[in-house]
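The next block holds one structure in the form of structure tokens; read it before the comments.
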There are 2 protein chains.
Amino acid sequence: MARVPGDEEASRPPAAPRADRAASADSFSKRHSAQSGRTGRRAGDSGSRRAILDAARNQFAERGYAGATIRGIAREARVDPALVHHFFVSKQGVFSAAIRQVLDVVEAEMASTEVESDNAGEQVVRLFLQLWENPTTGRPLLGVLRSAVSHEESGQLLREFVSGEILGRVLGKSPQIIDDDTRAALVGSQLVGLAMLRYIVQVEPLCQLPPEEIVRRVGPVVQYYVTGQLTAESG
Amino acid sequence: MARVPGDEEASRPPAAPRADRAASADSFSKRHSAQSGRTGRRAGDSGSRRAILDAARNQFAERGYAGATIRGIAREARVDPALVHHFFVSKQGVFSAAIRQVLDVVEAEMASTEVESDNAGEQVVRLFLQLWENPTTGRPLLGVLRSAVSHEESGQLLREFVSGEILGRVLGKSPQIIDDDTRAALVGSQLVGLAMLRYIVQVEPLCQLPPEEIVRRVGPVVQYYVTGQLTAESG
DNA sequence: CGCACATTTCATGACGTGATGAATTCTACG
DNA sequence: CGTAGAATTCATCACGTCATGAAATGTGCG
């Protein structure tokens with residue numbers, strides 16, 4: 001049990017082939033545990049790569065970038081930690097691979113949803129909530145938001161979302177000529193705050209409210225930021 | 001240099017008094033470096049305890065609970081890491097001590113500021129921004145928010161702020177009988193989102209805007225959540 | 001002075017982390 | 001068949017983390 005890094009005595013040559021190792025008592029918990037000896041490649045399509053990505057999304061979503069560990073991801077994927085490095089090189093590599101792919105889906109989703117300028121507010125909030133409620137997109141988003149507070153690349157992604165996606169998609173429909181970037185940032189602040197309190201900090205009344213109720217209450221605020229009025233037909 | 005935990009040979013009795021150690025080449029960077037030999041107490045009021053608390057606030061503010069380390073705090077305070085443990089027992093202990101004290105100031109500040117019900121929106125946003133702009137209160141708040149995404153106690157503090165402080169102080173002035181907790185949570189979501197984008201993620205137009213500009217733009221939204229109308233004199 | 005106590009540092013333990021390199025097994029292509 | 005390469009695991013390394021216990025040095029009280 002005692003790990004002695006500097007032990008020079010009894011250092012068996014690492015090149016010695018070993019075939020005498022018995023099952024290490026927890027090998028049953030690994031993928032393809034039933035058959036297959038130990039170290040080499042498995043037969044057929046093991047799906048390990050995908051399993052790692054799924055596990056990574058979960059871990060990053062629940063613990064954020066700093067809190068997630070390669071060992072934890074490997075454990076959840078029932079795979080050796082070194083395999084994670086083999087496929088994705090580094091921790092940053094797993095993160096990028098796990099997040100980026102789904103971010104494209106999010107972007108496409110937003111692109112395919114037409115936002116009418118006359119009640120953009122409610123539509124934007126509805127779309128935002130749909131993305132968060134759907135686990136496929138929601139968990140990676142959770143990962144980005146959880147990581148954004150201390151991981152620079154995640155912060156950058158969030159910045160790009162606010163400055164790029166919101167400004168382009170939402171405000172592009174109702175251009176105000178001036179102040180567009182500020183309006184986009186204010187919309188972003190309301191949306192990010194909503195996600196923080198509903199999905200991360202879990203403030204009580206908020207995380208129980210049905211999505212449509214939130215749409216009804218927050219929609220006008222987004223509308224106000226975009227057009228300067230509470231609803232389209234007021235005034 | 002090589003650290004050998006299991007080294008049993010050459011283990012000099014730990015009780016042996018040592019007076020032959022020369023200055024370890026970086027001892028100048030410690031507090032009271034000029035005078036004083038090495039290990040014991042320093043003369044006069046060293047202020048180490050306060051230095052540790054200050055350093056802790058900085059570290060937690062910049063890296064969050066998980067990212068901050070006792071060694072990092074000790075380094076910034078120019079103190080041995082063990083001293084941090086001596087004063088505050090554990091990492092959680094430093095965090096609590098560093099944060100709690102200032103949170104009382106925040107609470108008192110909020111209690112002493114009267115919120116008139118007729119333009120509560122702008123007043124609340126102004127007070128919120130004042131707390132964040134002032135480093136004395138702002139940096140601990142940064143620490144709480146940065147930690148809230150992954151540290152349970154910080155999340156709890158944030159929940160209590162939204163469910164307690166906002167509901168009691170802001171909505172207490174303009175009671176709506178029904179839905180108070182939901183209104184408080186919505187106000188909280190806007191404020192938390194604002195802090196996230198302005199002070200943590202640093203979205204461009206937002207963190208340059210003068211506070212009063214933000215008050216003017218976000219105030220009506222808070223007012224809307226509280227009273228259901230954009231301004232007091234509309235309608 | 002002498003003794004209890006607070007403050008300070010050192011040495012070390014026990015453990016977790018990301019990363020690397022070699023060994024082994026399987027697949028695919030010639 | 002033979003062999004290049006992909007997939008998988010093991011054994012470590014080097015380091016950083018929180019935490020503890022003991023030793024050394026100061027202060028203050030009787």
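Spacing between atom NE2 of His86(A) and atom P of dT24(C) amounts to 18 Å, rounded to whole angstrom units. In this structure, Lys91(A) atom NZ and dT17(C) atom P are separated by 9 Å, rounded to whole Å. The distance from atom CZ of Phe88(A) to atom P of dA7(D) is 11 Å, rounded to the nearest whole Å. The NE2 atom of His151(A) sits 12 Å away from the P atom of dG18(C) (whole-angstrom rounding). Gln92(B) has its CD atom 13 Å from the C1' atom of dC18(D), to the nearest Å. Whole-Å rounding puts the Tyr65(B) OH to dT17(D) C1' distance at 12 Å. A straight line from CG of Asp80(A) to C1' of dG18(C) spans 13 Å, rounded to a whole angstrom. Atom-to-atom, CD1 of Ile73(B) to P of dT17(D) comes out at 11 Å; the value is rounded to the nearest Å.
For the pair Arg71(A) and Glu76(A), the salt-bridge criterion is not met [side-chain N within less than 4.0 Å of a carboxylate O]. For the pair Arg139(B) and Glu62(B), the salt-bridge criterion is met [side-chain N within less than 4.0 Å of a carboxylate O]. In this structure, Asp180(A) does not pair ionically with Arg183(A), as no charged nitrogen and carboxylate oxygen lie closer than 4.0 Å.
Note on Arg49(A): nothing from the nucleic acid sits closer than 4.0 angstrom, heavy atoms only. Note on Ile70(A): only backbone sugar-phosphate atoms sit closer than 4.0 angstrom, heavy atoms only; bases stay farther off. Within the nucleic acid shown, Ala68(A) comes within 4.0 Å of sugar-phosphate atoms alone, with no base atom in reach, counting heavy atoms only.
Within a 6.0 Å radius of CZ in Arg63(B), other residues, nucleotides and ligands contribute 12 heavy atoms or fewer.
Taking only side-chain nitrogens and oxygens, Ser48(B) comes nearer than 4.0 Å to OP1 or OP2 of dT8(C). Not one side-chain nitrogen or oxygen of Ser90(B) sits closer than 4.0 Å to the OP1 or OP2 atom of dC18(D).
Each of His85(A) and Leu83(B) has a nearest nucleotide on DNA chain C; the 5'-most of these lies closest to Leu83(B).
In this structure, Glu133(A) and Tyr199(A) approach most closely via the heavy-atom pair OE2-OH, 2.6 Å.
The base of dG16(D) has none of its N or O atoms less than 3.5 Å from a complementary donor or acceptor on the side chain of Arg71(B).
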